[in-house]
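Here is how names work: the chains are called A, B, and so on, in the same order as the sequence lines, proteins then strands, and each is numbered from 1.
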Protein chains: 2
Amino acid sequence: MDESRRERKKRQTRRLIAETAIRLFGERGYEQTTVAEIAAAADVATKTFFNHFPSKEDVLFTGTRERNAVLLAVIAGRRPGESLPDLLTRMYEKLLADYRAEGVEAEDPELMKTYTRLVMTVPALRAKALYMSFELQKEIAETLVKVYPDELDPVGAAAVVGSVIGAVQGAALASMDLGEPEERFWASMRRGFDLALRSLRTP
Amino acid sequence: MDESRRERKKRQTRRLIAETAIRLFGERGYEQTTVAEIAAAADVATKTFFNHFPSKEDVLFTGTRERNAVLLAVIAGRRPGESLPDLLTRMYEKLLADYRAEGVEAEDPELMKTYTRLVMTVPALRAKALYMSFELQKEIAETLVKVYPDELDPVGAAAVVGSVIGAVQGAALASMDLGEPEERFWASMRRGFDLALRSLRTP
DNA sequence: TGCATTCTTGCACTTTGTGTAGTTTCATGA
DNA sequence: TCATGAAACTACACAAAGTGCAAGAATGCA
């Protein structure tokens, strides 16, 4: 057995709390929902919530570290002779693929949509998401320096990564605000990505 | 009299609270300092703190709205025939000029340094700063669309702005982390800006 | 079964932030 | 100069987030 009963149960409560939280946030709004209410709805003690998640916000950002690790692995796994734009493109494709896959394998796709809406609209969650995105940027930049030691210095790498992620984020949010349908949304993100990459392809 | 005594006193207490806060944050750390302690040190009631600032974080982001308004005014005041890169460059120069001026005219330059260090290092403050930066990006993008109606659409504008600000932020933070001296720091920021702008100059 | 580990729970406590009502201070007009 | 209203400050009660600790319940293992 490669997962003990104890570990399984812990993971189950954790998941139960997270899903209950998203559901309640979706129904009543983030600020209007208290941790005590979430815990009650999931039938656990309030303290149990904080045993699993360091803060109320964190219940919405559970898998982030693992997802980031995947992206960093793409960078670290630069193929021999692979150019910087090509590597970044491969990372971007990986990001998209993972996001779509997650939407498919999710038990309740409705929760995914609620989740996205929450992170886009609630200020506290937006701030947290931006913070984590920025931390990821720093890690990506550091890895890039390791992988392109002759071509990139820390400042240059940080500028490149900031430019690319900034453009993608900006385009994505603008598309969201316009209420573009899903296909247009992906196209808009791609536009942002391509725009930022132009400055790398024409040195 | 173009400022009543009442307004003057209000501004004074507000300023006193803000400076006391930065000083205490610098001495004991942000999380280790309670609002009650700040209020006591400034000799006002705890509630008075929250009358002036909606949250503990906000005491460090007082002038932001005014500064943002200045940048937006630069965009809105596009000169006839001025190209997008030129306008963005003018906005960037304005940003630098204001930042340096503020450092000079500040009563206590030591507080400025403490302030910068706090915003760069404390997660809660970084997140807030990033959030506000992102809100500013959206406003800049909207203004750009108004000013370049034939050349920019909402998504394209957001991508451009995100790319530029992302690159500058990334370069600035990397420079900070490297502990570069002040002159190198400005040069690094400029590198980020120029990098992002290359994609606009070569269509 | 017995024992150690780990997860959960309950409880007391601090801190941030809100609502409200009362007090002081200031501006203004008779 | 004094009365009056508005604005700022204060005091107090309260809700919610989050922490620390000790006790209880479930699990793993011998």
Output the rounded distance in Å from [atom1] ([X]) to [atom2] ([N]).
X	N	atom1	atom2	answer
A:N51	D:dT19	CG	P	10 Å
A:E3	C:dT6	CD	P	16 Å
B:E7	C:dA27	CD	P	9 Å
A:Q12	D:dT27	CD	P	11 Å
B:D43	C:dT24	CG	P	16 Å
B:K56	C:dT14	NZ	P	16 Å
A:F49	D:dA17	CZ	P	9 Å
A:R8	D:dA26	CZ	C1'	13 Å

Does a side chain donor of either A:S55 or A:D58 reach within less than 3.5 Å of an acceptor in the other side chain?
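Distance-only check passes for A:S55 and A:D58.
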
Just checking, is any N or O donor in the side chain of A:D86 or A:S83 under 3.5 Å from an acceptor N or O on the other one?
yes

Would you say the side-chain atoms of B:T89 pair up with the backbone N or O of B:P85, donor to acceptor, closer than 3.5 Å?
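Yes.
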
Would you say the side-chain atoms of A:R117 pair up with the backbone N or O of A:T121, donor to acceptor, closer than 3.5 Å?
no

Heavy atoms under 4.0 Å, any strand shown: does [X] hit a base, just sugar-phosphate, or nothing?
X	answer
A:K47	base
A:T13	sugar-phosphate
A:S55	sugar-phosphate

Phosphate-side-chain proximity, [X] and [N], N/O vs OP1/OP2 below 4.0 Å:
X	N	result
B:R5	C:dA27	yes
B:R6	C:dT25	no
B:H52	D:dA8	no
A:T48	C:dT9	yes
B:K9	D:dA8	no

Nearest heavy atom decides the nucleotide; on that basis, is A:E37 or A:P54 closer to the 5' end of DNA chain D?
A:E37

